[in-house]
Amino acid sequence: MVEYNGIMTYCEITEGKLPSISREVLGCGRRLADDLGQELYTVLIGSDVGSLAQEASALGPDKVYVVDDQLLKEYQTDSYVAVMEKVVRQVMPLILILGQTSLGRDLAPMLAFRLDTTATLDCVGLAIDPETKLLLRTKPVYGGNAQATFTCDSYPQIATVRDKAMSPQEPNASKQGEVITIGAGLDPSAIRTRLLKRVQENAGGVRLEDASIIISGGRGIGSAEGFHQLQELAAMLKAAVGASRPACDNRWLAPNRQVGITGKIVNPDLYIAIALSGSIQHLSGCAQSKSIIAINKDPEAPIFNYADFGVVGDWKKVLPAFRDKLKELLPE
Ligand SMILES: Cc1cc2nc3c(=O)[nH]c(=O)nc-3n(C[C@H](O)[C@H](O)[C@H](O)COP(=O)(O)OP(=O)(O)OC[C@H]3O[C@@H](n4cnc5c(N)ncnc54)[C@H](O)[C@@H]3O)c2cc1C
């Protein structure tokens, strides 16, 4: 019978660095490994990733598996799935955790299919069932209106975790995990896609994913000029500007600023929702915010059911008053 051991995390690399999601996944992995009394492993895949392996090894794993190959310079589904399958078959971990990023969303289900197991995407909570020792995978369902917890007894148990849902692992230079190199063994002709060009998205201010404060506007803002007022306020608060789908569809703001089930999922400390009604599809993207402030002229707007603080009024009057008060309160 095959024996599965240890908790494995996938350590993502973005622009030559370890992004916060890699530390969050490692933080979650450490907690699960301690709960199960198992070792923690992480996998680093790329080209010239030697120095990152040292950085990753200070983030708490007992072992760092490194696959370093020129063919792995850029993420390609074919090459990365093949390499991950090889690593997982060699190590046979009980659990594999990845970030809910564009890479994780692509890699996890493909890998689960190849390994004849299941993957649960977009988890906001992972824990160990004290009785069965299976991975409890909690994720939002019904457009974010409820949470469900899933288990599956096929191995490895694969899950992706949502950005900012887990506490990041702090580095500890005195604790270095063992670095183990695994050959990629790739056949270049089996990689069916090629990266021709990389186009940098113009973030236009603070990125939604990184912001601790987000100011979002809806259809009631009425125009691109209206959004300039939101941007002015955002600059004062070092905040990012988001929008509902109608506002993006009207091109008042770029499509990459849409929050919601078909846009971005965000969880800032503060979400200020201005002149948006609070549809289920929008709330699916922002309901995890720590605090929500709503400004809406309709006292019956659904957003008030979710807001911690609400102002009933015309945003064109409320916003300038809010901005003036902030100017008074904020240091120069
Ligand atoms: C499959 C699917 C996916 C979707 N995905 C998304 C998604 O990812 N994100 C998303 O946002 N939507 C999404 N939608 C659309 C969603 O259903 C709603 O239609 C949308 O969120 C409504 O946007 P809104 O709140 O800006 O507009 P509305 O619902 O029209 O609300 C406008 C609000 O502005 C208020 N208002 C108007 N004027 C003022 C004023 N002067 N001062 C103050 N308040 C004012 C009104 O009282 C009203 O509450 C999706 C829909 C479908 C079917």
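Note that ligands are numbered from 1 as they come in the structure, with each ligand's atoms numbered from 1 the same way. A quick note: this is a predicted structure, and the numbers were derived from the prediction, not measured.
Of the protein's heavy atoms, Trp315 CD1, 3.4 Å lies nearest to atom 40 (C) of ligand 1. Looking from atom 5 (N) of ligand 1 to the surrounding protein, the closest heavy atom is Thr262 OG1, 2.6 Å. Protein heavy atom nearest atom 34 (O) of ligand 1, with residue, atom name and distance: Ala275 O, 3.0 Å. Shortest contact from atom 2 (C) of ligand 1 to any protein heavy atom: Arg245 NH1, 3.6 Å. The protein non-hydrogen atom at the shortest distance from atom 25 (O) of ligand 1 is Ser277 N, 2.7 Å. Atom 37 (C) of ligand 1 has Gly220 CA, 3.4 Å as its closest protein atom, hydrogens excluded (heavy atom only).
A donor atom on one side chain and an acceptor atom on the other are not found under 3.5 Å apart for Thr9 and Tyr41. Side-chain N/O atoms of Thr193 and Gln76 include a donor and acceptor closer than 3.5 Å. Side-chain polar atoms of Arg137 and Thr151 form no donor-acceptor pair below 3.5 angstrom.
Residue contacts with ligand 1, taken as heavy atom pairs separated by less than 4.0 Å, involve Val259 solely via the backbone atoms N, CA, C and O. Counting heavy atoms closer than 4.0 Å to ligand 1, residue Ser244 contributes atoms from both its backbone and its side chain.
Salt-bridge formation is detected for the pair Arg162/Asp122: a Lys NZ or Arg NE/NH1/NH2 atom is positioned less than 4.0 Å from an Asp or Glu carboxylate oxygen. Here Glu74 pairs with Arg198 in a salt bridge; the nearest charged N to carboxylate O distance falls below 4.0 Å.
Comparing Asn296, Ile295, Asp298 by heavy-atom distance to atom 46 (C) of ligand 1, the nearest is Asn296. Comparing Gly226, Ser279, Gly278 by heavy-atom distance to atom 21 (O) of ligand 1, the nearest is Ser279. Across the listed options Gln281, Lys297, Lys317, Arg219, Gln281 owns the non-hydrogen atom lying nearest to atom 13 (C) of ligand 1.
Here the options are Gln281, Arg245, His282, the test is side chain to side chain donor-acceptor pair (under 3.5 Å), and the partner is Thr262; only Arg245 passes.
Each of the following atoms of ligand 1 lies closer than 4.0 Å to a heavy atom of Asp314: 40 (C), 41 (N), 42 (N). Remark: ligand 1 atoms within the under-4.0 Å shell around heavy atoms of Gly313 are 42 (N), 43 (C). Close approach of ligand 1 to Gln258 is summarised as follows: ligand atoms under 4.0 Å from at least one heavy atom of the residue are 6 (C), 7 (C), 8 (O), 9 (N). Per-residue contacts place Gly263 under 4.0 angstrom from the following atoms of ligand 1 (heavy atoms of the residue considered): 8 (O). For ligand 1, the atoms sitting less than 4.0 Å from at least one non-hydrogen atom of Gly218 are 26 (O), numbered in the order shown with element in parentheses.
Arg251 is linked by a salt bridge (Lys or Arg N to Asp or Glu O under 4.0 Å) to nothing, counting only residues two or more places apart in sequence or in another chain. Under the salt bridge (Lys or Arg N to Asp or Glu O under 4.0 Å) criterion, Asp69 pairs with no residue, sequence neighbours left out.
Looking at Tyr80, its side chain does come within 3.5 Å of a backbone N or O of Leu72 through a donor-acceptor pair.
Note on ligand 1: Pro246 sits in its first shell, one or more heavy atoms being nearer than 4.0 Å. Look at Lys316 and you'll find every heavy atom at least 4.0 Å from all atoms of ligand 1. Using 4.0 Å as the threshold, Gly217 has no heavy atom nearer than that to any atom of ligand 1. Taking 4.0 Å as the cut-off, Val318 does not count as a neighbour of ligand 1 on heavy-atom distance.
Side-chain atoms of Ile158 and Leu98, non-hydrogen and from C-beta on, do get closer than 4.5 Å to each other.
Crowding of Asp116 atom CG: a count of heavy atoms from other residues, nucleotides or ligands under 6.0 Å not exceeding 12.
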List the steps and the verdict of side-chain contact (heavy atoms from CB on, under 4.5 Å) for Gln258 and Lys264. CA-CA 6 Å; Gln258 183 185 316; Lys264 297 219 165 122; over 6 Å; no
